[in-house]
2 protein chains.
Amino acid sequence: MNERAKASRVSTKDIAHKALREMIIKGELEPGQPIAEEELAKELQISRTPLREALQILELEGLVNRSLNGRMNVAPISIQEVKEIFVIRSNLEGIVVEDAIDNITQKDIDHLTHLIKLLKMAISLEDYETIDRFGKQFHEYIYTVSGNKMAVKFLYQLNSMINRYRRLAHKSIGDTKQSVKEHKMILHYIIQKDKINAVEEMKKHILGSLNQAIKTVEKYEHTQF
Amino acid sequence: MNERAKASRVSTKDIAHKALREMIIKGELEPGQPIAEEELAKELQISRTPLREALQILELEGLVNRSLNGRMNVAPISIQEVKEIFVIRSNLEGIVVEDAIDNITQKDIDHLTHLIKLLKMAISLEDYETIDRFGKQFHEYIYTVSGNKMAVKFLYQLNSMINRYRRLAHKSIGDTKQSVKEHKMILHYIIQKDKINAVEEMKKHILGSLNQAIKTVEKYEHTQF
DNA sequence: TTTAAAATAATTGTATACAATTATAAAGTT
DNA sequence: AACTTTATAATTGTATACAATTATTTTAAA
C-alpha cells in the first residue's frame with residue numbers, strides 16, 4: 001500500500017461552501033442580496049450541482065435563506081437574531097467548560113495559560129487580528145478538552161453566524177483588557193475545578209460581548225421578510 | 001391573479017428527506033447500516049440528485065454520517081451522544097421558557113392549562129402515544145410563544161435525534177404521572193413570571209427523562225468508528 | 001391609461017451522463 | 001502461502017440536459 005496518508009480529497013462542494021461562507025462573512029455578498037445559481041456557478045467556475053449542495057449547507061447554517069418560490073438570498077442581519085445567538089452560545093460554552101473540567105490535564109492548563117500570555121502580548125501591540133485569533137483559540141481549546149462533540153458541532157454552527165457580526169465589531173483596548181481578565185477568571189475556576197463559577201463566568205464573558213455586538217449591528221440592520 | 005393560495009410545492013428532495021428521517025427514527029434503516037445512493041434512489045424511485053440533497057440534510061441533522069471516503073451510513077446510537085443531546089436540550093428549553101415568560105398572554109396560559117388536562121386524561125387511559133403527543137405539544141407551544149427562532153431551530157434539529165431514542169423508550173405510568181406534575185410546576189412558574197424557577201424546573205424536567213432514555217439505549221448501543 | 005390575459009424569458013428542480021475515486025478481484029512475484 | 005501489483009468493478013462527485021415552475025414582458029380589452 002502507499003506510504004503517505006491519503007490526502008482526503010476536497011470536493012468542489014466544500015470549496016464552494018467555504019468560499020461562499022467567507023464571502024458572506026466578509027460582506028462581499030451583502031445581506032438580503034438575491035442569489036442566482038447559474039450566475040454564481042459561472043462566477044465560481046463550477047456547475048450548479050455542487051453549488052446547490054454548498055448553498056444548502058449555508059442555508060442550514062443560517063447564512064442564506066430560501067423563500068417559498070425557491071429563490072435564495074443572503075440572510076439579513078438583525079439585532080433580534082444576534083441576541084438569540086449569543087444567549088444560545090453562552091449556554092453552549094457553559095456546557096462545554098463544565099465538561100472540560102472533568103477531563104482537563106496539567107498539559108491543557110499549561111496551554112491555556114500560554115494562550116492568555118500570548119493574548120496579553122497581542123493586546124500590548126494593539127494587534128486586533130491576533131487578539132481575536134488567540135481569543136478564539138482559547139475557546140476552541142476548551143471545546144476540544146470537553147469532548148462534547150454535539151455541543152461543539154452546534155458551537156461551530158453558531159460561529160458561522162457570529163463571525164459575520166464579529167467582523168463588523170472593532171473592539172477598544174479597554175474591551176480587550178476586560179476580556180483578558182475574564183479569560184483569566186475562567187481559567188482560574190477551571191483549575192479549581194469549580195464548575196458552578198466557571199460556567200457562570202463563561203456565560204458572563206460571552207454575554208459581555210453581546211452588547212458590543214449589538215451596537216455595531218444597529219446601523220447595518222436589514223429588515224427580514 | 002389567482003385567488004387560492006399558492007400551494008407551496010413540495011420537492012422530491014423534501015419528500016425523500018422526511019421519508020428517510022422517518023425510516024431512520026423507526027429503525028427501518030438500522031444504526032450503522034451503509035447507504036448506497038444508487039440503490040436507495042431506485043428504492044425511492046427518484047434520481048440521485050434530490051436524494052443526495054436529502055442525505056446531506058440528514059447528515060447535518062446528525063442522522064447519517066459520511067466517512068472520509070464519501071460513503072455514508074446511518075448514524076450509530078451511543079449513550080455519550082444521548083447525554084450530550086439532553087443536556088443541550090435542557091439548556092435550550094430553559095432559554096425558551098425564559099423568553100416565553102416575556103410574551104405570554106392569558107390565552108396562552110389557558111391553552112397550556114388545557115393541554116395539561118388532556119395529558120392527565122391520556123394518562124388515565126394509559127394511552128402512551130397520546131401522552132407523548134400532548135407532552136410534545138406542551139413544549140412546542142412554549143417554543144412558539146418564546147418567539148426565539150434560533151433556539152427553536154436548534155431544538156427541532158435536536159428533536160430529530162431525540163425521536164430516535166424516544167421511540168425505543170416505553171415509559172411507566174409512574175414516569176408519566178411524575179411528568180405531568182413537572183409540567184404543572186413549569187406552568188405555575190410561568191404564570192408567576194418567575195423566570196429563575198421556570199428555567200430551573202424545565203431543565204430538571206428534561207434531564208429527568210435522560211436517565212430513562214439512557215436505560216433504554218444501553219442495549220441498542222453501537223460502537224462509533 | 002389601467003387591468004387582464006397570453007406569450008416569452010429566466011430560474012429552479014430533477015434526471016441522466018460522464019469523470020474521478022475507491023473498493024474488490026485477479027494475476028503475478030517472492 | 002503471503003504480499004504486491006495490476007486490472008476490473010462498484011460508487012461517489014460533477015457536469016450537462018431537460019422538465020417544471022416562476023417572473024417578466026407583450027398584447028389585448030375595457
Side-chain angles (χ1 to χ4, degrees), chain A residues 1-21 23-24 29-30 32-75 225, chain B residues 1-21 23-24 29-30 32-75 225:
Chain A
M1 203 180 64
N2 206 327
E3 197 71 11
R4 66 189 167 76
K6 230 175 293 181
S8 72
R9 201 168 68 83
V10 262
S11 60
T12 308
K13 172 189 79 177
D14 287 340
I15 294 170
H17 168 228
K18 283 177 188 163
L20 290 171
R21 186 175 56 189
M23 286 165 78
I24 293 172
L29 293 175
E30 285 181 20
Q33 180 179 329
I35 293 171
E37 292 179 3
E38 191 74 47
E39 183 189 334
L40 193 54
K42 211 184 299 177
E43 194 177 320
L44 298 175
Q45 310 213 43
I46 61 176
S47 79
R48 277 179 57 220
T49 310
L51 173 62
R52 279 175 61 86
E53 293 186 353
L55 285 171
Q56 184 173 263
I57 298 174
L58 293 169
E59 184 191 359
L60 296 169
E61 284 179 349
L63 293 181
V64 308
N65 290 141
R66 183 191 306 267
S67 51
L68 290 321
N69 57 16
R71 305 287 202 277
M72 302 193 92
N73 59 291
V74 179
F225 53 93
Chain B
M1 203 180 61
N2 204 325
E3 198 70 13
R4 65 189 169 76
K6 228 175 295 178
S8 72
R9 200 167 68 81
V10 262
S11 60
T12 308
K13 172 188 78 177
D14 287 340
I15 295 170
H17 168 227
K18 283 175 188 163
L20 290 171
R21 187 174 55 189
M23 287 166 77
I24 292 171
L29 292 176
E30 286 181 20
Q33 181 179 330
I35 293 171
E37 292 178 4
E38 191 74 47
E39 183 189 335
L40 194 53
K42 212 184 297 177
E43 193 177 321
L44 298 175
Q45 312 214 43
I46 61 177
S47 79
R48 277 178 57 218
T49 311
L51 173 63
R52 278 175 63 86
E53 293 186 352
L55 285 172
Q56 183 173 264
I57 299 173
L58 293 169
E59 184 191 359
L60 295 168
E61 284 179 349
L63 293 181
V64 308
N65 292 141
R66 182 191 307 268
S67 51
L68 290 320
N69 57 16
R71 305 287 202 277
M72 302 192 93
N73 59 293
V74 179
F225 52 93

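Quick caveat: nothing in here was measured; it's all calculated off a predicted structure. Letters A, B, ... are given to chains in the order of the sequence lines, protein chains preceding strands, and every chain is numbered from 1.
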What contact category does [X] fall into here, base, sugar-phosphate, or nothing, at under 4.0 angstrom with non-hydrogen atoms?
X: A:T49; result: base
X: B:S11; result: sugar-phosphate
X: A:L40; result: nothing

Using whole Å, report how far [atom1] of [X] lies from [atom2] of [N].
X: B:L51; N: C:dG13; atom1: CG; atom2: P; value: 16 Å
X: B:R48; N: D:dG13; atom1: CZ; atom2: P; value: 8 Å
X: A:N69; N: C:dG13; atom1: CG; atom2: P; value: 9 Å
X: A:R52; N: C:dA15; atom1: CZ; atom2: P; value: 12 Å
X: A:K42; N: D:dT14; atom1: NZ; atom2: P; value: 21 Å
X: A:E53; N: C:dT12; atom1: CD; atom2: C1'; value: 15 Å
X: A:M72; N: C:dT11; atom1: CE; atom2: P; value: 16 Å
X: A:D14; N: D:dT12; atom1: CG; atom2: C1'; value: 13 Å

### C:dT14 OP1/OP2 closer than 4.0 Å to side-chain N/O of B:S47
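Looking at the OP1 and OP2 atoms of C:dT14, neither is under 4.0 Å from any side-chain N or O of B:S47.
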
### Message
To check you understand the geometry: which heavy-atom pair defines the closest contact between B:H17 and B:A54, and what is its length?
### Response
N-CB, 3.6 Å

### Task
Kindly point out which of C:dG13, C:dT14, D:dT16 is positioned nearest to the side chain of A:E37?
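Output: C:dG13.
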
### Message
Using a 3.5 Å distance criterion without hydrogens, assess whether the side chain of A:E53 forms a donor-acceptor pair with backbone atoms of B:Q56.
### Response
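Such a contact is absent between A:E53 side chain and B:Q56 backbone.
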
### Message
So for the helix from C:dT1-D:dA30 to C:dT30-D:dA1, with five pairs setting each end axis, what is the inter-axis angle to 10°?
### Response
0°

### Query
Nearest nucleotide by nearest heavy atom, which residue falls closer to the 5' end of DNA chain D, A:R71 or B:R66?
B:R66

Atom pair [atom1]/[atom2] of [X] and [Y] - distance to nearest 0.5 Å:
X: B:N73; Y: B:Q33; atom1: CG; atom2: CD; result: 9.5 Å
X: A:K42; Y: A:S47; atom1: NZ; atom2: OG; result: 13.5 Å
X: B:R66; Y: B:I35; atom1: CZ; atom2: CD1; result: 10.0 Å

### Task
Would you mind reporting whether B:L58 and B:R21 have side-chain heavy atoms less than 4.5 Å apart?
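Touching, per the 4.5 Å side-chain cut-off.
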
### Task
Could you check B:L40, B:V64, B:I57, B:L63 and say which one makes a side chain to side chain contact (heavy atoms under 4.5 Å, CB included) with B:L20?
B:L40

